[in-house]
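Structure first, commentary second.
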Amino acid sequence: MYDVAIIGGGPGGYAAALYAHNFGLSVALVEKDEVGGTCLLRGCIPAKTWLQTADVYSIVSRSADYGVVSSPPEMDWSAALARKQQVVSGLVKGLSGLLKARGVEIIDGYGRLIHGGVEVAAADGTTQQIEARNVIVATGSVPRSIPGYDIDGTRIVTSDHALDWPRQPRRVAIIGGGVIGCEFASLLSELGTKVHLFEALDSLLPGTEPEAVKVLTRDFKKHKVKMHTATMVGPAQIGDEGVVVPYGDDSVEVEVVLVAVGRAPVTSDIGLEEAGVTLDGGFVVVDSETMLTSAPGVYAVGDIVAGAPQLAHAGFAEGIAAITHIATGGVAPVDYRAIPLVAYTHPEIASVGLTEAAARDAGIDFEVSSHGMRGVGRAIIQGQTGGVVKIIAEKDGPIIGATVAGPGAGEMIHELMYAVAWEALPAEAAALIHAHPTVSEAIGETLLAASGKTLH
Ligand code: NAD
């Protein structure tokens, strides 16, 4: 009898498995694939590795601007693909080693919730039953598609396939201008692929501060990304040479279509309904303090959780919350207010807390402060002055949201994460001095403005 059986070895599941050692809990981790989940195998890690390749390519192509003479870069696609695979394999190996070192029993196979534990069906057709006092369901998500775009892995693909393209496509249509769509648009266009980006809503990265989206669209224009916002596509017409994507009265022909319209939770055929777990639109309803579902002893974490962001780091925090409750009966609730969100586009866009629009919708009396990167020494040195910092603070009150667009935004956002989580007043945060020269000084200037003063 294990203290905990976990179904799914992605960020939510493996974080729970790793954290359990702090309390001496015995853990079985059921996984049908390698450990690592979407993030490590088909998501964050491989995508960011490709973005790194695009970044290097881009720097080399601009090297003369920095006084470094080089030949125009050329892509060795298979070498880049091999590097991506190497990064992923190294991390998977490291994670498996760490889980074993922590005493986690990794059980290969397909897990289903049963009374008192989990039934595991192995690839060879045999099954076994694992008894556990508690079960954490962490089965993750899979890409969705839209009518007229049946995923075939060749002409109509998802990010799962795009991360393993054997060669660089010359013309791509991306359906969906959310995080995945924009990250792929950045990396492909930088590498010289012609990109058509279709988004149903009025803006790319819906829900993001418009000033930040503008920074990104400026870069997209530079890389000749054809952006079609507020545009619905008609059904794809697949031919021998490519795919025609109709929209309005027009159409575009591309080699391949990448569908990035969101991800669906994996919650069917794992015994949830039979166990009495309440679902809402396919997502699992949980108590947000403990991650407990409506079935006693059954917890859910990660991309399947109703009303929570589908982010690896949200999954980590949810895994910790579930284990804390299992081990101690106490709570360690996830502070969803202060979870940073990073689009690893070039330039990056990172945010935490409320946007201006969300603050307005919530009826909050607030003030907005912002500062551009144009005059920021380090940004000029890096040759990346397209950027902005925007901070939302309650009127005469604490910082409630922030967005950074620009080089290193994904790293810089964390100081604003503390500000939002700890409800810092702009004047308190502004009193602390940022190192010079850093891009983060743009945050210092914005904080100063938020406290009613300016320096530069
Ligand atoms: P998303 O929800 O971020 O974006 C999907 C986009 O597709 C939306 O903008 C939506 O309006 C648009 N869309 C939907 N139907 C459409 C249609 N018929 N035509 C045109 N546009 C349409 O989803 P995603 O980009 O697929 O990402 C999936 C999940 O993975 C998200 O929750 C995301 O947060 C997460 N993710 C996060 C990161 C990161 O944090 N850097 C990276 C990748 C994925």
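Just so you know, ligand 1 is whichever comes first in the structure, and atom 1 is the first atom listed for that ligand. Quick caveat, the model's predicted, so the values are computed rather than measured.
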(message) Taking 4.0 angstrom as the limit and counting only heavy atoms of Tyr344, give me the atoms of ligand 1 inside it, by number and element.
(response) 41 (N)

(message) Heavy atoms only: which of Thr38, Thr345, Leu311 lies closest to atom 37 (C) of ligand 1?
(response) Leu311

(message) Under a 3.5 Å cutoff, is there a donor and acceptor pairing between the side chains of Gln168 and Thr193?
(response) yes

(message) Test salt bridge (charged side-chain N to carboxylate O under 4.0 Å, His left out) on Glu211 and Lys390; report intermediate values, then the result.
(response) CA-CA 8 Å; Glu211 295 87 342; Lys390 181 169 172 182; 3.0 Å; yes

(request) Return a yes/no value for Ile180: is any of its N or O atoms, backbone included, closer than 3.5 angstrom to an N or O of ligand 1? (result) yes

(request) Measure the CZ-CG distance between Phe316 and Leu18 for me, rounded to the nearest 0.5 Å. (result) 9.0 Å

(message) Within the 4.0 Å heavy-atom shell around Phe198, which atoms of ligand 1 are there?
(response) 20 (C), 21 (N)

(request) Look at atom 9 (O) of ligand 1 and find which of Glu199, Arg263, His313, Lys48 reaches it with the closest heavy atom. (result) Glu199

(message) Need the ligand 1 atom indices (1-based, order shown) with element for anything under 4.0 Å from a heavy-atom of Met232.
(response) 18 (N)

(request) Could you verify whether a donor N or O on one side chain and an acceptor N or O on the other, from Glu415 and His434, lie under 3.5 Å apart? (result) yes

(request) Nearest heavy atom to atom 5 (C) of ligand 1 wins, so pick from Gly177, Gly43, Ala260, Pro143. (result) Ala260

(message) Distance under 4.0 Å to a non-hydrogen atom of Ile175: what atoms of ligand 1 satisfy this?
(response) 19 (N), 20 (C)

(request) Before giving the answer on salt bridge (charged side-chain N to carboxylate O under 4.0 Å, His left out), spell out for Glu255 and Arg167 the whole-Å C-alpha distance, their side-chain angles and the decisive distance to 0.1 Å. (result) CA-CA 12 Å; Glu255 256 174 73; Arg167 57 180 188 80; 3.4 Å; yes

(request) Would you mind telling me if ligand 1 is within reach of the side chain of Pro206, the backbone, both or neither, using heavy atoms under 4.0 Å? (result) side chain

(message) List ligand 1 atoms under 4.0 Å from Gln310, heavy atoms only on the residue side.
(response) 29 (C), 32 (O), 34 (O), 35 (C)

(request) Indicate the ring-plane relationship of Tyr418 and Trp422, choosing parallel, tilted or perpendicular according to the 30° and 60° boundaries. (result) tilted

(message) Residue-level breakdown please: for Glu183 versus ligand 1, do any non-hydrogen atoms fall below 4.0 Å on the side chain, on the backbone, on both, or on neither?
(response) side chain

(request) Consider ligand 1: state whether an atom of it lies below 4.0 angstrom from any non-hydrogen atom of Leu201. (result) yes

(request) Any atoms of ligand 1 less than 4.0 Å from a non-hydrogen atom of Val342? List them with their elements. (result) 39 (C), 40 (O), 41 (N)

(request) Measure the spacing between OG1 of Thr154 and CH2 of Trp165 and express it to the nearest 0.5 Å. (result) 11.5 Å

(request) Would you name the heavy atoms of His346 and Ser186 that are closest together and state the gap between them? (result) N-OG, 3.0 Å

(message) My understanding is that we take every heavy atom of each candidate and find the minimum distance to atom 13 (N) of ligand 1. Doing that for Val233, Val261, Ile146, which one comes out nearest?
(response) Val261

(message) Assess whether a salt bridge exists between Lys84 and Asp164, defined as any Lys/Arg side-chain N lying under 4.0 Å from an Asp/Glu carboxylate O.
(response) yes

